[in-house]
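Notes for the one structure printed next.
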Amino acid sequence: MWQWLKQLYHRLGSPKWFYELTERWIPWLTLAAVATGLVGLVLGLLFAPADYQQGDSFRIIYIHVPAALLAQSAYIMMAVAGAVYLIWRMKMAAWVARVIAPIGASFCLIALLTGAIWGKPTWGTWWVWDARLTSMLMLLFLYFGVMALQQAMESEEAAYKAGAILALVGVVNIPIIKYSVEWWNTLHQPATLKLTEKPSMHPDMLWPLLIMIVSTYLLFALLVILRTRNEILLHERKRVWVKKILES
Amino acid sequence: MSLVSATVRRDLLLAARNPGEWANPLMFFLMVAALFPLAVDPDPVFLGKIAGGVIWVAALLATLLSLDSLFRADVDDGSLEQWLASGESLFALTLGKALVHWCISGLPLTLMSPLLGLMLNLPGEAYTALILSLAVGTPVLSLLGAVGAALTASLRSGGLLLTLLILPLYVPVLIFAASAVYHAGIGMAYNGQVAMLGAMLALAVALTPFAAGAALKLNLSR
Amino acid sequence: MSLVSATVRRDLLLAARNPGEWANPLMFFLMVAALFPLAVDPDPVFLGKIAGGVIWVAALLATLLSLDSLFRADVDDGSLEQWLASGESLFALTLGKALVHWCISGLPLTLMSPLLGLMLNLPGEAYTALILSLAVGTPVLSLLGAVGAALTASLRSGGLLLTLLILPLYVPVLIFAASAVYHAGIGMAYNGQVAMLGAMLALAVALTPFAAGAALKLNLSR
Amino acid sequence: MEFNSFAEFLAMGRHGLYVWLSYGLTAAIVAYNVAQPLLRRRRLLKEQAQRLRREKRNAPSA
Amino acid sequence: MTPSQGALQVNLQAVALHCERDDRELFSELSLSVSSGDLLQLAGPNGAGKTTLLRLLAGLNRDYSGDLLWHGQPLYDNYPDYARQRLYLGHLSAVKKALTPLENLRWLTAQDAPDTERLYQALEQAGLLGYEDTPCQHLSAGQQRRVALARLLASHCPLWILDEPFTALDKAGVSWLEGLMQQKVAEGGAVIITSHHALEGIPGLKQLELGGTS
Amino acid sequence: MTPSQGALQVNLQAVALHCERDDRELFSELSLSVSSGDLLQLAGPNGAGKTTLLRLLAGLNRDYSGDLLWHGQPLYDNYPDYARQRLYLGHLSAVKKALTPLENLRWLTAQDAPDTERLYQALEQAGLLGYEDTPCQHLSAGQQRRVALARLLASHCPLWILDEPFTALDKAGVSWLEGLMQQKVAEGGAVIITSHHALEGIPGLKQLELGGTS
Ligand code: HEM
Ligand SMILES: Nc1ncnc2c1ncn2[C@@H]1O[C@H](COP(=O)(O)OP(=O)(O)OP(=O)(O)O)[C@@H](O)[C@H]1O
Ligand SMILES: Nc1ncnc2c1ncn2[C@@H]1O[C@H](COP(=O)(O)OP(=O)(O)OP(=O)(O)O)[C@@H](O)[C@H]1O
Ligand SMILES: [Mg+2]
Ligand SMILES: [Mg+2]
């Protein structure tokens, strides 16, 4: 088991291996992401029953919730990749970490935008300072911080390291932010409006949601792979195997 | 091509090379506005009442912070010395600098402000007043700020000193602008306040570049 | 005398030579708190309700601004290079730097805060909570800030970027501290919040110097 | 099937604006995220291939 | 407004200059005159006041007593005119790290506004061929200095005032710069520099020794 | 912890160093060894990679491949130990403008912690007598450089690594510094410098010429 893990680690560390492997994966991943996405959307938009309170506006859930979940896990993945880079100096990890930041920020933005749009018909306002909304906003800022910092650094290596350090500090803080915000919101003046409590959802509503969540993660994997491959091409451009690709 | 237009072009180029220069004030603006509900009270009705004031305070602080680097970098790398050695009119140069500063700070802030209005539950009637007051008020902030930045350009820890010099000058702008937004929010007329802001802008364009130019010369005898 | 204590002494000496370094954050603190009533509603009852939050936001921003120069000057004049060349523990060095920073920013702010409380009509019961929360909370701000300052030390326009990096991390401190003051004001217990601040301080002392030290090394390969 | 006609589907029970705005924005953001790496890849390949050719040409003379 | 090539005319006079810093007299009763064809080196130990004198002559520091005359007129009576006739290059080289040598040079020579072709030539002569589009932060100390010096080639000013221009230059760079100065002088211009280098083989070099305490 | 005077021992080896910047190879297969009694000057045109190599040797830049050995051990295995044995002085001199030369020197030598008497002596030898209590912003370029150099006198490190130490020094300063380096070498220390100066009259000087493109 341990040997196998070690081997996997060394393979993962090799850009060439990653590049060639993903070459084969991409079509399947694309297919899977699109198929699940289509099924989820059709089921969610056409077949799921309307919510008895919110009517059809609840159909926003099929993008809102997957995006929100992904935005949070992507940050953790970014921090983990950053840590791997800091500890083992694995270039691949640095590229993956860097590549996740804009994608995670995009999904965070999607969650915020769809949430805000959803809020208008259900709460009658675009934004409230609810605990979950606030901590999501802070997550977006953390993403922006990582991106801006990497952007600003002159040398590439410094950019990777700085991004990783900040992501790690942020990861320690995410739970703190989340709990403090929740706690603040319950103790302070109670929020006039609340996110719907986790409902015991009708299976016809629930299934499309689960499928959409899967689809979103697949899409995320695809995006990360596509961007990482570009990083590999750029940084390994002087390797023989990349030159071959370039010449063909 | 005169030195002034060359400098404007160079500064815009620098801003384009380093997106942080215009993106950071924007983010700061957003964040300060987000801090207030956390620190005081997230109740929407309450927030709606203070929204105009909070947005303006945030805009003012964001402008202030971005001012610090207005002349500092030019002092440090010798560009300022070359300006002074060039013998060209300092009036035009400082005016150009202030213009560039507004383009990369005040203008984006103005465009961004409706979003903050939404988040802080600003009354619907107040949006026009908010945008108008920012559009007329932020250039005044940039111009006045240029004077402070020029005065503190050669100081190491200038950032905070600059704040001290400039904040009192910003008070009139803040008062009229916030009052414009507030009156708009309760459905009253606010042309008077905007007219005042306009007058301030005219005055600032005419006078501050002289002051800033003179201040820059202070950095000369080192 | 080790390099750490020499650095602490040198930095205190520099602060003594240049009073602006500690006086400016203080003045900024005062001014932001003074701007606020101008921008919103000067009604005393209303002010009293938001006083705690406003004072804390002002303290937070003042700390933030003074952070910018924490390592910048040392990078520019080569002191940082010498630190790194010295091979001494960066943990101790950054801890020392954060300590000095707190002494010249957080500590004066804490001592000054009752005055602001008076100006903003803070309820009488809330003073102890205000001072206590500042005394425990501002060191956390300095420590977290040191990480941001270290990350941005070699960047030209670091000031605003630093803000962007650090503000989200400051949110928990702000929430607990403001809530402590608020609860004290309406006569409720606030030990829970102060205890949380204490826990954060312990965590920050243990962890942030590592992060800051690692970040400082980045400025090495230039 | 929850909807009887396409018009009804578009209307989303009076909430059409919100639903389609959300889906539209999401689609735009996702589309950008998909297009960015693909376009970048194309540009990268072109640039690097050019560089290679240039180096090859210069190699014997230099 | 651009000075025509033919009219290279330098006539700078200092009469009975006196300057003190921190209660210490740097020089007094110092008189000098620089006219077309002169190459003047200010020499002296560290702290003698070379930089101070140079900045006085360049019109960047008014903290003195005595007279400075440009073509017989007090310098500050028509400072913009003087400013356009002399080129000053101090310790700091006004090179922006984020910009490329070409962009930097374009700003540095904005007053003369030479065309891009000329700028490329200047960079080439300064030995920066191949670095035109590299941000200056990626250049070595000497290369950054060369960017600043390249403007000497693209400018028409008859009078050059240079503070330690040889700093960070390698041997090839030093002789290139010496050649430039000689050429300027031969064309009827004039050059004032401070340097601790011994300038050899430059005909017509005048030296002004400032005394120091250290 | 303070290294005893008698045990001056330098043994620094670089094996097959390779370094590139921005796709340009600066040096490859570069090997060198510096031991007690050596005085090594890195020479070469601007942009050749002198500063880069110096920072590698000082342990301030890990962006290379190859091996760096200190007494046969990889440099970074015991970096703090190495750090205490070598003194590095770069382009930037770590002199705070608001402090006096004495205060600056005290910080610069904090690791060796010499007593104040020693510091005064060092300043005196550096030609700063009378300026001990003047804030450094009031000193000339060369005087500020001398403050930074004064620490050479107050330190016990056997290995000095200096980047263009002669910048801004006058002739007296140059020969003073040359004397210091000779003395260090004679005592069994070693010195590595970069400089565009021709170092004359120093016995045992080795030169390493780095090639450049410019
Ligand atoms: C800008 C506004 C909003 C933001 C930032 C936001 C954020 C989030 C986040 C982060 C989650 C995932 C929580 C988790 O499981 O970890 C979530 C889930 C959810 N949100 Fe939102 N939300 C917003 C507005 C809304 C609105 C207006 C509604 C509907 C009234 C809504 C309904 C839901 C539901 C039903 C879930 C899934 C159930 C759950 O996990 O509790 N959200 N939202
Ligand atoms: N931060 C950097 N990033 C990328 N390349 C750099 C960087 N610094 C220097 N270089 C490149 O490395 C090469 C060597 O630079 P280095 O500073 O070592 O030269 P040097 O020999 O010290 O020259 P000089 O005599 O001008 O000081 C230069 O060609 C420069 O373009
Ligand atoms: N800003 C200042 N304020 C007060 N005194 C100063 C200032 N700058 C320089 N001095 C003093 O003036 C004297 C001359 O300084 P200057 O810089 O002109 O010397 P320099 O001849 O250029 O020396 P170097 O060869 O070291 O560059 C020095 O003794 C210095 O102490
Ligand atoms: Mg000088
Ligand atoms: Mg060098």
Side-chain angles (χ1 to χ4, degrees), chain B residues 1-24 69-97 100 104 153-156 210 213-222, chain E residues 1-2 19 21 51-52 54-64 70 75-76 78-100 102-116 135-137 144 147-148 151 155 157 159 161 163:
Chain B
M1 189 170 58
S2 83
L3 189 57
V4 180
S5 63
T7 305
V8 169
R9 280 181 46 168
R10 184 184 67 159
D11 284 355
L12 289 174
L13 196 63
L14 280 169
R17 276 297 137 81
N18 180 4
E21 236 175 89
W22 52 269
N24 288 343
S69 54
L70 191 57
F71 296 109
R72 179 71 47 85
D74 286 339
V75 170
D76 285 349
D77 67 14
S79 294
L80 181 69
E81 205 175 48
Q82 289 299 334
W83 275 17
L84 296 167
S86 79
E88 293 218 14
S89 141
L90 284 174
F91 182 91
L93 274 171
T94 47
L95 202 56
K97 270 280 188 186
V100 173
I104 62 177
S154 63
L155 304 178
R156 262 294 114 211
F210 284 112
L216 278 182
K217 280 200 192 152
L218 291 183
N219 297 293
L220 199 146
S221 56
R222 280 193 302 166
Chain E
M1 288 307 276
T2 33
C19 175
R21 285 297 188 93
T51 299
T52 310
L54 215 62
R55 290 177 61 89
L56 290 187
L57 294 177
L60 289 173
N61 189 342
R62 302 196 190 188
D63 197 7
Y64 65 93
W70 175 245
L75 197 73
Y76 288 106
N78 197 351
Y79 179 65
D81 179 51
Y82 175 61
R84 225 156 302 136
Q85 310 272 88
R86 73 94 183 77
L87 188 158
Y88 171 78
L89 208 110
H91 281 286
L92 301 169
S93 47
V95 169
K96 292 271 175 202
K97 303 243 178 193
L99 299 183
T100 67
L102 187 64
E103 288 157 353
N104 268 306
L105 193 58
R106 181 167 289 136
W107 185 79
L108 287 169
T109 58
Q111 280 190 308
D112 285 306
D115 53 18
T116 308
C136 285
Q137 70 219 5
Q144 292 187 23
V147 175
R151 66 188 277 224
S155 118
C157 299
L159 174 61
I161 300 188
D163 197 357

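Here is the naming used below: chain letters follow the sequence lines, and residue numbers restart at 1 for every chain.
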Discussion item. Could you check whether atom OH of Y79(E) has more than 12 heavy atoms from other residues, nucleotides or ligands sitting under 6.0 Å from it?
Written reply: yes

Worksheet, complete the sentence: Cut-off 4.5 Å, heavy atoms of chain B, and the answer for K96(E) is both

Response to the item:
If one checks every heavy atom of Y88(E) against chain B at 4.5 Å, the contacting part turns out to be both

Item to complete: Name the region of S89(B), side chain, backbone, both or neither, that has any atom closer than 4.5 Å to a heavy atom of chain E.
Response: neither

Practice prompt. Specify the closest pair of heavy atoms between A110(E) and S2(B), including all atoms of both residues, with the distance to one decimal.
Written response: CB-O, 4.3 Å

Worksheet item: Are the side chain of R86(E) and the backbone of A85(B) linked by a donor-acceptor contact shorter than 3.5 Å?
Response: yes

Worksheet item: Atom CG in D77(B), atom CD in Q144(E): separation rounded to 0.5 Å?
Response: 10.5 Å

Worksheet item: How long is the span from the CG atom in D11(B) to the CH2 atom in W107(E), to the nearest 0.5 Å?
Response: 9.0 Å

Worksheet, complete the sentence: Closest non-hydrogen contact found for V75(B) with L92(E) is O-CD1, 3.9 Å

Worksheet, complete the sentence: One should read off an interatomic distance between L89(E) CG and E81(B) CD, to the nearest 0.5 angstrom, of 9.0 Å

Discussion item. Taking side chain as everything from C-beta outward and backbone as N, CA, C, O, which of these in A98(E) sits under 4.5 Å from a heavy atom of chain B? Side chain, backbone, both or neither.
Written reply: both

Worksheet item: Is a side-chain donor or acceptor of Q82(B) paired with a backbone partner of A94(E) at a separation under 3.5 angstrom?
Response: no

Worksheet item: To the nearest 0.5 Å, what is the distance between CG (L108(E)) and OG (S79(B))?
Response: 7.5 Å

